[in-house]
Colleague: 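So that we are looking at the same thing, I have put the structure below in structure tokens.
Keep in mind that the numbers below use all heavy atoms, side chains included, and drop hydrogens, waters and symmetry copies.
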Amino acid sequence: MLKKILSLSLVMLTCLACNSKKTEQINVGDNDVFTTQSGKEVSFLFIKHASFVINYDNLSIQIDPVSKMDPATDYSSFPKADFIFVTHEHFDHFDKEAIAALTGEKTQVILNKNCAQMLGSGTAMSNGETLKLRDDITVEAVPAYNTTADRQKFHPKGRDNGYVLTLDGLRIYIAGDTEDIPEMEQLKDIDIAFLPCNQPYTMTPEQLAHAATMINPKVVYPYHFSETPVEEMTRALEEAKVKTILRNMQ
């Protein structure tokens, strides 16, 4: 399966390098590297499921770090994070031990309200709020929730966060656990979108393609896809004519 995923990734990355304009792909490997408007590099290191690292301007930005979920991750081997973002309190997104291992004197942890209460620290954000973290870094907390009646218990509206992280003009949408909610149509100028696809908790492949069409990013990374057949995701995104990079983010 991994070989198949990597093979698909290389094909899609080649297409991206040829066709992308605003977002330029400049490296293929364990890290995917993009450039910002002023030419700074932004790289992604993929760990698993919903956990990945964004490196920008000598900053380490950890997204939903989780240590014990298979495969286990030793976060003590990572550099201390400058920023940690947590979307919501489910075990595959919120891990106190991972946060503790990554937290140094200057680390800023940004979470939804429930996670901030559970952690006892950090900066809580609600849907619709924006923070300026540096002159060249802002983050917007955006809705992430289920719309299908029998799934709303998993991610009720108003509780969890997605994030739009803007690094020197490069806009990265981290959807968190959500379906293809109407608020996605309000997201503008997204360069890179991380969109989940697994049942019954997030989106179907068809919803994934619909979400990508609404957002219209330059690049889509499917993530948090667990046992979802890769062929179904890629087929739906190809039919939607969305540029896609597929990494091993079950």
Colleague: Evaluate the ring-ring contact (aromatic ring centres under 6.0 Å, His included) criterion for residues Y221 and F46: first the C-alpha distance (whole Å), next the side-chain angles of each, then the deciding distance (0.1 Å), finally the verdict.
Modeller: CA-CA 11 Å; Y221 281 96; F46 303 95; 5.1 Å; yes
Colleague: Using the rule given for ring-ring contact (aromatic ring centres under 6.0 Å, His included), can you reason through F52 versus F194, listing the C-alpha separation, both sets of side-chain angles and the distance that settles it, and then say yes or no?
Modeller: CA-CA 11 Å; F52 60 98; F194 287 85; 4.2 Å; yes
Colleague: Do side-chain atoms of T228 reach the backbone of C197 as a donor and acceptor pair under 3.5 angstrom?
Modeller: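 Checked: pair present.
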Colleague: Checking D57 side chain against L59 main chain: does a donor-acceptor pair fall under 3.5 Å?
Modeller: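 No.
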Colleague: Kindly say whether T87 contributes a backbone atom to a donor-acceptor pair with the side chain of D64 at under 3.5 angstrom?
Modeller: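 Checked: pair present.
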Colleague: To the nearest 0.5 angstrom, please state how far the NZ atom of K132 sits from the CD1 atom of I137.
Modeller: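 Nearest 0.5 Å value for the NZ-CD1 distance: 11.0 Å.
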Colleague: If we ignore hydrogens and angles and just use 3.5 Å, is the side chain of T36 paired with the main-chain N or O of K40 as donor and acceptor?
Modeller: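 Pair found, side chain donor or acceptor close to backbone of K40.
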Colleague: Between D70 and K48, is there a salt bridge with N-O shorter than 4.0 Å?
Modeller: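 Answer for the salt bridge query: no.
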Colleague: Any ion pair linking E89 and K113 (charged N to carboxylate O, less than 4.0 Å)?
Modeller: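 Salt bridge between K113 and E89, a charged N being under 4.0 Å from a carboxylate O: no.
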Colleague: Could you give the distance from CG (L195) to CE (M214), rounded to the nearest 0.5 Å?
Modeller: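 Those atoms lie 9.5 Å apart.
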Colleague: So does G176 get a backbone contact from the side chain of T178, meaning a donor-acceptor N/O pair under 3.5 Å?
Modeller: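 No, the answer is negative, given that no donor and acceptor are paired below the 3.5 Å cut-off.
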Colleague: Verify, without hydrogens or angle tests, whether T107 (side chain) and A81 (backbone) share a donor-acceptor contact under 3.5 angstrom.
Modeller: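 Checking the backbone N and O of A81 against the side chain of T107, a donor-acceptor pair under 3.5 Å is found.
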